[in-house]
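Within every chain, numbering begins at 1; the chains are lettered A, B, ... in the order of the sequence lines, protein sequences first and strands thereafter. What you are looking at is a predicted structure, and each value in this text was computed from that prediction instead of being measured.
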Amino acid sequence: CLTYNSIIDGFAKEADINSALRLYREMCESEISPNVVTYTILIDGFCKSGNVDLALKMLNEMRNKGLEPDVTTYSVLIDGFCKRRDMEIAYKLFSELLESGLSPNKVIFNSMISGFRKSSNMEAALDLHKKMINEGVPCDLLTYTTLIAGLLREGKLLIASDLYSQMLSKGIVPDMVTYTVLINGLCKKGQLENARKILEEMDRKSMTPNILIYNTLIAGHFKEGNLKEAFRLHNEMIDKGLIPD
RNA sequence: GCGAUGAUAACU
């Protein structure tokens with residue numbers, strides 16, 4: 001079963017649905033029965049390749065065989081619908097998970113928060129963040145990065161900055177994605193001074209900004225009419241071996 | 001023992 005699962009996972013990750021399904025059928029006809037992991041792999045592959053209907057069909061099929069979805073099965077389904085911004089169904093699945101007596105973990109919360117961010121519903125995203133804290137589910141770097149990205153886009157700079165402080169106070173260390181989100185969000189809101197502070201923070205840690213960071217900084221300074229700084233950053237970027245686009 | 005989550009928006 002493990003062997004089948006690994007191979008099916010390989011096909012699923014290449015979005016080769018037909019091969020994945022062919023192996024699954026072969027498995028069903030053999031002595032080896034698919035388990036929860038097999039179905040989770042298939043459902044995840046279907047979701048990620050845009051076949052959510054097929055994913056729901058597989059959920060049905062596994063139930064018909066007497067297998068109940070576990071937390072990871074729900075996780076891939078919920079994430080699939082969140083990525084399509086179909087928060088109605090995502091939330092329905094979330095409720096179903098609770099009804100079945102399972103507890104959502106941080107991966108599920110993170111997917112839901114990301115889905116609400118995509119659908120510009122930061123209120124719901126923040127509610128879930130509160131829920132995580134109330135229920136003792138630890139927030140991680142992904143939780144905070146997603147929340148901060150959404151809040152900055154909505155111009156809720158104070159809440160974003162509070163969350164960033166909260167994150168740091170929990171000992172969570174920002175990475176390149178977090179810095180990109182922060183600097184990009186601040187630049188787009190004309191907060192170049194605050195963006196510069198984050199840049200200095202990176203510098204203190206000897207982290208080299210990536211191209212996205214340079215591009216957003218350059219665009220920000222350009223918009224403000226500070227061509228001198230825009231060109232300085234452009235040259236600095238080239239000096240560091242990054243290729244402008 | 002095998003499976004799941006974060007930024008790069010919008011417009012064009």
Rounded to whole Å, how long is the line connecting atom [atom1] of [X] with atom [atom2] of [N]?
X	N	atom1	atom2	answer
A:Ile148	B:A7	CD1	C1'	11 Å
A:Leu102	B:A4	CG	C1'	14 Å
A:Met167	B:G6	CE	C1'	11 Å
A:Ile172	B:G6	CD1	C1'	12 Å
A:Leu151	B:G6	CG	P	18 Å
A:Phe81	B:U5	CZ	P	16 Å
A:Leu147	B:U5	CG	C1'	13 Å
A:Met62	B:A4	CE	P	15 Å

What N/O pairs connect the protein and nucleotides 8-12 of chain B at under 3.5 Å? Give each pair on its own line.
residue : atom : partner  : partner atom : Å
B:U8    : OP2  : A:Arg117 : NH2          : 3.3
B:A9    : O2'  : A:Arg153 : NH1          : 3.4

About how many Å separate NZ of A:Lys197 and CG of A:Leu192, when rounded to the nearest 0.5 Å?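 One gets 12.0 Å once the value is rounded to the nearest 0.5 Å.
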Heavy atoms only, 4.0 Å cut-off, all strands: where does A:Leu141 land among base, sugar-phosphate and nothing?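 Answer is base: heavy atoms of A:Leu141 come under 4.0 Å of a base.
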Please list, chain by chain and in numerical order, all residues satisfying ring-ring contact (aromatic ring centres under 6.0 Å, His included) with A:Tyr214, sequence neighbours excluded.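 Partners of A:Tyr214 under the ring-ring contact (aromatic ring centres under 6.0 Å, His included) test: none.
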Side-chain donor-acceptor pairs under 3.5 Å in residues 71-80 of chain A, sequence neighbours left out?
residue : atom : partner  : partner atom : Å
A:Thr73 : OG1  : A:Thr40  : OG1          : 2.8
A:Thr73 : OG1  : A:Asp70  : N            : 3.2
A:Thr73 : OG1  : A:Asp70  : OD1          : 2.9
A:Tyr74 : OH   : A:Arg63  : NH2          : 3.1
A:Tyr74 : OH   : A:Glu96  : OE2          : 3.4
A:Asp79 : OD1  : A:Lys83  : NZ           : 3.1
A:Asp79 : OD1  : A:Ser111 : OG           : 2.9
A:Asp79 : OD2  : A:Lys83  : NZ           : 2.7

Options [options], nucleotide nearest the side-chain atoms of [X]:
X	options	result
A:Ser111	B:C2, B:G6, B:U5	B:U5
A:Thr178	B:G3, B:A4, B:G6	B:G6
A:Ala149	B:G6, B:C2, B:A7	B:A7
A:Leu142	B:G3, B:A4, B:G6	B:G6

Sub-4.0 Å heavy-atom contacts from residues 11-32 of chain A onto RNA chain B, ordered by number: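 Of all residues in residues 11-32 of chain A, the ones placing a heavy atom under 4.0 Å from RNA chain B are A:Lys13.
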Interface with RNA chain B, restricted to residues 69-78 of chain A and to heavy atoms under 4.0 Å: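 Residues of residues 69-78 of chain A under 4.0 Å from RNA chain B: A:Asp70, A:Thr72, A:Thr73, A:Ser75, A:Val76.
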Side chain to side chain donor-acceptor pair (under 3.5 Å) partners of A:Glu123, counting only residues at least two apart: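 Listed in chain order: nothing, the list is empty.
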How would you list, by chain and number, every residue that makes a side chain to side chain donor-acceptor pair (under 3.5 Å) with A:Asp162, sequence neighbours excluded?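 Scan of A:Asp162 (side chain to side chain donor-acceptor pair (under 3.5 Å), adjacent residues dropped) gives none.
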Holding to side-chain contact (heavy atoms from CB on, under 4.5 Å), I want the full list of residues that pass it with A:Ser49, two or more places apart in sequence or in another chain.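 Partners of A:Ser49 under the side-chain contact (heavy atoms from CB on, under 4.5 Å) test: A:Ala15, A:Ile17, A:Asn51.
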Name all residues meeting the side-chain contact (heavy atoms from CB on, under 4.5 Å) criterion together with A:Glu99; count only those two or more places apart in sequence or in a different chain, and write none if there are none.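 Partners of A:Glu99 under the side-chain contact (heavy atoms from CB on, under 4.5 Å) test: A:Ser95.
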Is there any ring-ring contact (aromatic ring centres under 6.0 Å, His included) pair reaching into residues 26-46 of chain A, and which pairs are they, with sequence neighbours excluded?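 Passing the test, one end in residues 26-46 of chain A: A:Tyr24-A:Tyr39.
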Any ring-ring contact (aromatic ring centres under 6.0 Å, His included) involving residues 131-181 of chain A? Give me the pairs, sequence neighbours left out, ordered by first then second residue.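 Found A:His129-A:Tyr144.
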For the base of B:G6, is there a side-chain donor-acceptor partner from A:Thr145 under 3.5 Å away?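 Yes, a donor-acceptor pair under 3.5 Å.
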Would you call A:Arg232 and A:Glu236 a salt bridge, using N to O less than 4.0 angstrom?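 Between A:Glu236 and A:Arg232 there is a salt bridge, with a charged N closer than 4.0 Å to a carboxylate O.
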Does B:G6 have OP1 or OP2 sitting under 4.0 Å from an N or O in the side chain of A:Lys83?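 It does, given that an N or O in the side chain of A:Lys83 lies less than 4.0 Å from OP1 or OP2 of B:G6.
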Tell me yes or no: between the side chains of A:Gln191 and A:Asn194, is some donor less than 3.5 Å from an acceptor?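 On atom types as modelled, these side chains qualify, holding a pair under 3.5 Å.
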Considering only distance and modelled atom types, tabulate donor-acceptor pairs under 3.5 Å from the side chains of residues 148-157 of chain A, sequence neighbours left out.
residue  : atom : partner  : partner atom : Å
A:Arg153 : NH2  : A:Arg117 : O            : 2.7
A:Glu154 : OE1  : A:Lys156 : NZ           : 3.0

